[in-house]
Amino acid sequence: MFVWMRRLTLTGAIIVASAMAGPVSAQTKLKWAHVYEVTEPYHTEALWAASEIKKRTNGKYDIEVFPASRLGNENQLNEGLGLGAVDIVYVGINFVAATYKPLGITGAPFMLRDFDHWKAYRASKLFAELVKGYDDKTRHKIVALTYYGQRHVSANKRISKPEDMKGMSLRVPPAPLFLMFTKSVGASATPIAFSDVYNALQQGLVDGQENPLPTIMAKKFYEVQRHIVLTGHITESMVTVVGGHVWNKLTPDEQKLFADTLKEAAAKATEAIEASERVLAGEFKKLGMSVVEPDREAFRKAAIPLHNDASVGAGWTRAQYDELQALK
């Protein structure tokens, strides 16, 4: 009896001690969601980053990546981040601008001159300040900026100048700032979720759409469109956002590890996208598409008067606008 009681007491002590100590290496599972295809650099680099974070934290953080709108469109992912339903997201800059308008400044047509201007913005004090404004407002953490590419129009009619788009039904992402481009050319904006664009083009629900060349290739829009018009009207970005419910629980060392790894992934995806843009026009020609070089200066002149027009989404100050334009 005494031996049995002694064993019970020892067992109880061990259980209590274990409970007080907690798990030695409890694993935290996280969800990273985006709307892009599995073949695109955004996804492949997300997989790399997830693997690296798991490795660098000795398995403490296990991140599963959900591509191709599996967990929702970009607006839904934004909402899911706030609800804690997803933990990390890629979100287009114009979608975060729906929450914090100044951050959408580079999403306006012809706001950025070229890729070099985009890189200068990425490294700028202005970008850091806008990110802080978003972080402070949402309590989420933007950790990286990824180049998404120059957006071009595709359609089933040839377009050479802004007037050619008057009255055209153009699919745009469901974010307010995209109205600036359609207004500048007199087109009718038709917001459609990214996952539904192919079917909308195939069924003739819209006359055309606009996206970077790598996206047009990945989504196979060339199967349902005849012309690609190299308007280059928006030099697009997306941000990697870690939900506040995750970020605030990380130690300072873990925050640095996450930020460094996610920035590295963004840099690698950026390089891949920029490189692919240089060759894809030729690939589309091989696929039988007409690749049109329009009067870009005419498109630019049509857009510039709207750059600070709040009625079509502008939400930045004139000082922020001037600071961006001064970057070299």
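Quick note: numbers below take in every heavy atom, side chains included, and nothing from hydrogens, waters or symmetry partners.
Relative orientation of the Y36 and Y148 rings is tilted, given thresholds of 30° and 60° on the angle between their planes. Classification of the Y90-W32 ring pair by plane angle, with boundaries at 30° and 60°, yields perpendicular.
When all heavy atoms are compared, the tightest approach of I159 to P294 is O-CB, 4.1 Å. Listed here is the closest heavy atom pair of L177 and A108: CD2-N, 4.0 Å. Minimum interatomic distance between Q150 and T235 (heavy atoms only, all atoms of both residues): NE2-OG1, 3.7 Å. Between L213 and A281, the shortest heavy-atom distance links the atoms CD1-N, 4.1 Å. Annotation for H140 and V241: closest pair CB-CG1, 3.7 Å, computed over non-hydrogen atoms. Counting all heavy atoms, side chain and backbone alike, L145 lies closest to S237 at CD1-CB, 3.6 Å.
The number of heavy-atom neighbours closer than 6.0 Å to NZ of K268, taken from other residues, nucleotides and ligands shown, is above 12. Residue R113 places its CZ atom among more than 12 non-hydrogen atoms of other residues, nucleotides or ligands, all under 6.0 Å distant. Other residues, nucleotides and ligands contribute more than 12 heavy atoms inside 6.0 Å of the NZ atom of K157. Under a cut-off of 6.0 angstrom, the local environment of NZ in K219 is crowded, with over 12 non-hydrogen atoms contributed by other residues, nucleotides or ligands.
Within the 4.5 Å cutoff, side-chain heavy atoms of K60 are placed close to those of E254. The shortest distance between side-chain heavy atoms of L30 and D62 does not fall below 4.5 Å.
Interatomic distance, H117 NE2 to Q325 CD, rounded to the nearest 0.5 Å: 5.5 Å.
Residue pairs satisfying the ring pair (Phe, Tyr, Trp, His ring centres under 6.0 Å) criterion with at least one member in residues 266-292, sequence neighbours excluded, are absent. Screening residues 235-248 for salt bridge (charged side-chain N to carboxylate O under 4.0 Å, His left out), with sequence neighbours left out, gives R151-E236.
Proximity of the aromatic rings of H307 and Y321 is defined here by a centroid distance below 6.0 angstrom, and this criterion is met. W247 has its ring centre no less than 6.0 Å from the ring centre of F258.
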